[in-house]
Amino acid sequence: MNTPFPPAATVGILMIGAYLLGSIPWGLIFTRWFTAQDIRKKGSGNIGATNVRRTAGSLPALLTLTGDILKGAVPVYIAGFIRFPETLPQATIPAMVALVAFLGHLYPIFLGFRDGGKGVATAAGCFIVLCPQAVLIALLVFLITALFSNHVSAGSLAAMLILPLAVWIGSASPMIVILAAVISVWVIERHRDNIKRLRHGTEARIWNRRGEK
């Protein structure tokens with residue numbers, strides 16, 4: 001798809017649009033809509049779908065998850081349709097757009113560049129477009145780990161650890177593999193408090209064992 005703007009301007013518009021879309025705090029919006037509560041002051045304080053489910057219920061959590069995935073997938077999908085100079089590797093601009101959308105989720109302008117999510121769902125949205133095979137592998141690893149450990153955070157960490165390898169298997173682009181590695185490290189770093197709680201046995205469980213409240 002050709003655009004009426006010069007290539008540099010087109011890239012700039014894509015970047016700004018991806019960041020602004022990534023910055024939309026769906027968890028905060030849907031929790032306030034359904035419960036009039038500020039998700040940042042509830043549970044773990046995170047605006048992601050897991051904390052939304054614990055605070056506001058399954059429907060707001062599902063809407064949050066969908067919104068967070070789409071804000072990664074939509075700008076990357078659009079970037080894939082725009083023609084750029086042939087001197088650029090094909091995956092360069094979509095990878096840059098994916099990274100900017102991801103950073104918008106982590107550091108949203110609408111929340112003063114703080115209180116962003118941990119990035120798992122938005123990263124998944126980006127790679128659904130960039131390398132869907134890798135997302136299937138990471139999703140399988142997430143489900144197995146989460147079910148056996150009884151912790152969503154453990155599943156997320158396992159999925160992020162496997163993502164670069166899964167992208168390497170499913171993509172011929174070194175740029176996408178590097179992007180996967182960078183995003184994985186960033187997501188794992190954002191889970192540092194979860195890692196501490198997992199080590200100490202205090203991390204929230206998906207479901208309580210018999211006899212637990």
Side-chain angles (χ1 to χ4, degrees), residues 19 21-73 99 101-127 135 138-139 141-163 182-213:
Y19 176 76
L21 185 60
S23 291
I24 299 174
W26 290 120
L28 178 63
I29 292 169
F30 287 124
T31 302
R32 280 183 172 171
W33 187 8
F34 281 87
T35 69
Q37 299 182 86
D38 188 335
I39 189 67
R40 296 170 294 178
K41 299 177 181 178
K42 299 293 180 179
S44 65
N46 189 262
I47 64 171
T50 300
N51 196 38
V52 172
R53 181 182 63 82
R54 296 178 184 135
T55 302
S58 297
L59 179 57
L62 180 60
L63 292 172
T64 298
L65 179 64
T66 302
D68 286 348
I69 290 173
L70 287 175
K71 67 188 186 183
L99 181 60
F102 172 77
L103 292 177
H105 179 71
L106 267 58
Y107 308 104
I109 190 172
F110 303 123
L111 299 180
F113 305 103
R114 55 195 295 268
D115 296 328
K118 294 177 181 175
V120 177
T122 302
C126 294
F127 285 99
V135 175
L139 177 61
V141 170
F142 167 83
L143 291 172
I144 292 172
T145 305
L147 289 173
F148 277 91
S149 69
N150 200 14
H151 295 293
V152 171
S153 58
S156 298
L157 289 165
M160 286 298 107
L161 286 171
I162 201 67
L163 181 64
V182 170
I183 285 181
S184 294
V185 170
W186 225 312
V187 171
I188 291 170
E189 194 280 331
R190 298 283 285 192
H191 278 78
R192 59 188 180 278
D193 291 336
N194 302 86
I195 294 171
K196 291 178 183 177
R197 290 193 292 268
L198 285 168
R199 291 175 59 189
H200 296 135
T202 57
E203 178 73 333
R205 297 185 176 95
I206 301 172
W207 60 82
N208 291 327
R209 297 189 180 96
R210 184 175 297 178
E212 291 181 340
K213 295 182 179 180

If we only count heavy atoms from C-beta on, is the Ser156 to Phe142 side-chain gap below 4.5 Å?
-> yes
Pick out which of Val120, Leu106, Thr122 makes a side-chain contact (heavy atoms from CB on, under 4.5 Å) with Val187.
-> Val120
Say whether, by atom type as modelled, one donor and one acceptor occur between the side chain of Asn194 and the main chain of Ala154 under 3.5 angstrom.
-> no
Does Asp68 use its side chain to pair, donor to acceptor, with the backbone of Ala121 at less than 3.5 Å?
-> no
Under a 4.5 Å cut-off applied to non-hydrogen side-chain atoms, are Asn46 and Arg40 in contact?
-> no
Please examine the side chains of Trp26 and Leu63, heavy atoms only from C-beta on, and report whether any two atoms are closer than 4.5 Å.
-> no
Does the side chain of Ile188 come within less than 4.5 Å of Leu161's, by heavy atoms?
-> yes
So NZ of Lys118 and CG of Asp193: to nearest 0.5 Å the spacing works out to 7.0 Å
Between OG1 on residue Thr31 and NZ on residue Lys42, distance to nearest 0.5 Å = 11.0 Å
Going from CD on Glu189 to CD1 on Ile195, what distance comes out if it is rounded to the nearest 0.5 angstrom?
-> 9.0 Å
Measure up the Phe34 and Phe30 rings against each other and bin them: parallel (under 30°), tilted (30 to 60°), perpendicular (over 60°).
-> tilted
Is the charged tip of Arg190 near the ring of Phe102: under 6.0 Å from the six-membered ring centre and within 45° of its axis?
-> no
For the residue pair Lys71 and His105, confirm or rule out a side-chain donor-acceptor distance under 3.5 Å.
-> yes
Is any side-chain heavy atom of Leu157 less than 4.5 Å from a side-chain heavy atom of Leu198?
-> yes
Spell out, as yes or no, whether a donor-acceptor pair under 3.5 Å connects the side chain of His191 to the backbone of Ser153.
-> no
